[in-house]
Enquirer: 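Structure in structure tokens, see below.
All of these numbers come straight from a predicted model, not from anything done at the bench. What's counted below: heavy atoms across the whole structure, side chains too, no hydrogens, waters or symmetry copies.
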Amino acid sequence: MIILLLILPILALRKVSFALFMSLAAIVQTILILITKHALFKGMPRPAEYLKEVSFYQIPGVELHHWNSFPSGHTATGLMIAASLMIIFSRKKHFQLLFLSAGFLVALSRVYLMQHFFVDVFAGAALGILSAWMGRVLYFQFFPSKKLNCSLLAFISFGKSKRTTTPIKNPEISV
């Protein structure tokens, strides 16, 4: 989630709506992971717990966790960010491929580091993508106006500028 602290301000400088959409997706993702990981599937063993009697290569410097494996929260976060950015930059296909690749690298790293099983990563990826989609739905549900489709700097200065010229009335329109 620390990566969001870097991404959200950058998105807000581009458009406030982008940052708000990704924030909603992050909230949904956090709630889904908390419910699934710590309520529904609490105590699910990780690969290190299953393989504690087997000798295997361990990546130096990586602390192996033993419990609360399902689903992978890191994968959910990575794919939520990737899917959100893919929605935001839907017209830039090369960016979409980059974001999707980064999300799947996060997922693969969780298996490679022996922190999760494939099923944990798959479920985390599904929850991350679902969170991005739900964040988009919530954004359009609660913020239908286009007032937030501007940069944070422009949004902040909305109330400061006053009209200095009088509007020109159209003579063809009768009142």
Enquirer: Hydrophobic clustering (ILVMFWY, side-chain heavy atoms < 4.5 Å, transitive) - are Leu127 and Val137 grouped together?
Expert: yes

Enquirer: Distance check, rounded to the nearest 0.5 Å: Leu34 atom CG versus Gln29 atom CD?
Expert: 9.0 Å

Enquirer: Do you know which of His116, Arg110, Gln115 makes side chain to side chain contact (heavy atoms under 4.5 Å, CB included) with Thr75?
Expert: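 The side chain to side chain contact (heavy atoms under 4.5 Å, CB included) with Thr75 is passed solely by Arg110 among His116, Arg110, Gln115.
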
Enquirer: Using a 3.5 Å distance criterion without hydrogens, assess whether the side chain of Lys37 forms a donor-acceptor pair with backbone atoms of Pro71.
Expert: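 It does hold such a pair.
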
Enquirer: Given the rule that I, L, V, M, F, W and Y join up when any side-chain heavy atoms are under 4.5 Å apart, are Leu32 and Val119 in one cluster?
Expert: no

Enquirer: Carefully, step by step, assess Met80 and Leu4 under the rule side-chain contact (heavy atoms from CB on, under 4.5 Å).
Expert: CA-CA 11 Å; Met80 179 275 300; Leu4 284 172; 4.1 Å; yes

Enquirer: Using 0.5 Å steps for rounding, measure from the CZ atom of Phe41 to the CD1 atom of Ile35.
Expert: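 CD1 of Ile35 is found 12.0 Å from CZ of Phe41.
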
Enquirer: May I ask you to decide if the ring planes of Phe18 and Phe89 are parallel, tilted or perpendicular, using 30° and 60° as cut-offs?
Expert: tilted

Enquirer: What I want to check is whether the side chains of Asn149 and Ser17 have a donor and an acceptor closer together than 3.5 Å.
Expert: yes

Enquirer: Would you find a donor on one side and an acceptor on the other, under 3.5 Å apart, between the side chain of Gln96 and the backbone of Leu100?
Expert: no

Enquirer: Heavy atoms only: give me the nearest Ala132-Ala83 pair and the separation to one decimal.
Expert: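 Shortest heavy-atom separation between Ala132 and Ala83 comes out as CB-CB, 3.6 Å.
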
Enquirer: Are Leu97 and Phe104 connected in the hydrophobic side-chain network, where two residues link if heavy atoms are under 4.5 Å apart?
Expert: no

Enquirer: Counting only N and O atoms by type, is there a donor-acceptor contact under 3.5 Å from the side chain of Gln58 to the main-chain atoms of Glu63?
Expert: no

Enquirer: Quick one: closest heavy-atom pair of Gly103 and Ala82, and the distance?
Expert: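 The answer is CA-CB, 4.2 Å.
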
Enquirer: Carefully, step by step, assess Leu11 and Phe21 under the rule side-chain contact (heavy atoms from CB on, under 4.5 Å).
Expert: CA-CA 10 Å; Leu11 288 176; Phe21 151 60; over 6 Å; no

Enquirer: Look up atom CD1 in Ile3 and atom CG in Leu8, then write down how far apart they are to the nearest 0.5 Å.
Expert: 10.0 Å

Enquirer: Ignoring hydrogens and angles, tell me if any N or O in the side chain of Ser151 forms a donor-acceptor pair with the backbone of Arg14 under 3.5 Å.
Expert: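 Flag not set: sc Ser151 to bb Arg14 has no pair under 3.5 Å.
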
Enquirer: On a heavy-atom basis, which atom in Asp120 and which in Phe117 lie closest, and how many Å separate them?
Expert: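 Distance-wise, the nearest heavy atoms are OD2-N, 2.9 Å.
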
Enquirer: Begin from the C-alpha positions of Arg46 and Glu49 and carry the test salt bridge (Lys or Arg N to Asp or Glu O under 4.0 Å) through to its verdict.
Expert: CA-CA 5 Å; Arg46 293 185 185 237; Glu49 183 62 24; over 6 Å; no

Enquirer: How many angstroms lie between atom CZ of Arg136 and atom CG of Leu24, to the nearest 0.5 angstrom?
Expert: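 Here the rounded value is 13.0 Å.
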
Enquirer: Determine whether Phe142 and Leu20 fall in the same hydrophobic cluster, where Ile, Leu, Val, Met, Phe, Trp and Tyr are linked whenever their side-chain heavy atoms lie under 4.5 Å apart.
Expert: yes

Enquirer: For the NZ atom of Lys93 and the CE atom of Met86, what is their distance to the nearest 0.5 Å?
Expert: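 Separation between the atoms: 8.0 Å.
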
Enquirer: Within the distance-only criterion (no hydrogens, no angle test), does the side chain of Asn68 pair as donor or acceptor with the backbone N or O of Gly43 below 3.5 angstrom?
Expert: yes

Enquirer: Can you spot which of Leu79, Ile81, Leu85 makes a side chain to side chain contact (heavy atoms under 4.5 Å, CB included) with Phe99?
Expert: Leu85

Enquirer: Consider only side-chain heavy atoms of I, L, V, M, F, W and Y, link residues closer than 4.5 Å, and tell whether Ile33 and Met22 are in one cluster.
Expert: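 Ile33 clusters together with Met22.
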
Enquirer: Only counting residues at least two apart or in another chain, list the ones meeting ring pair (Phe, Tyr, Trp, His ring centres under 6.0 Å) with Phe140.
Expert: none

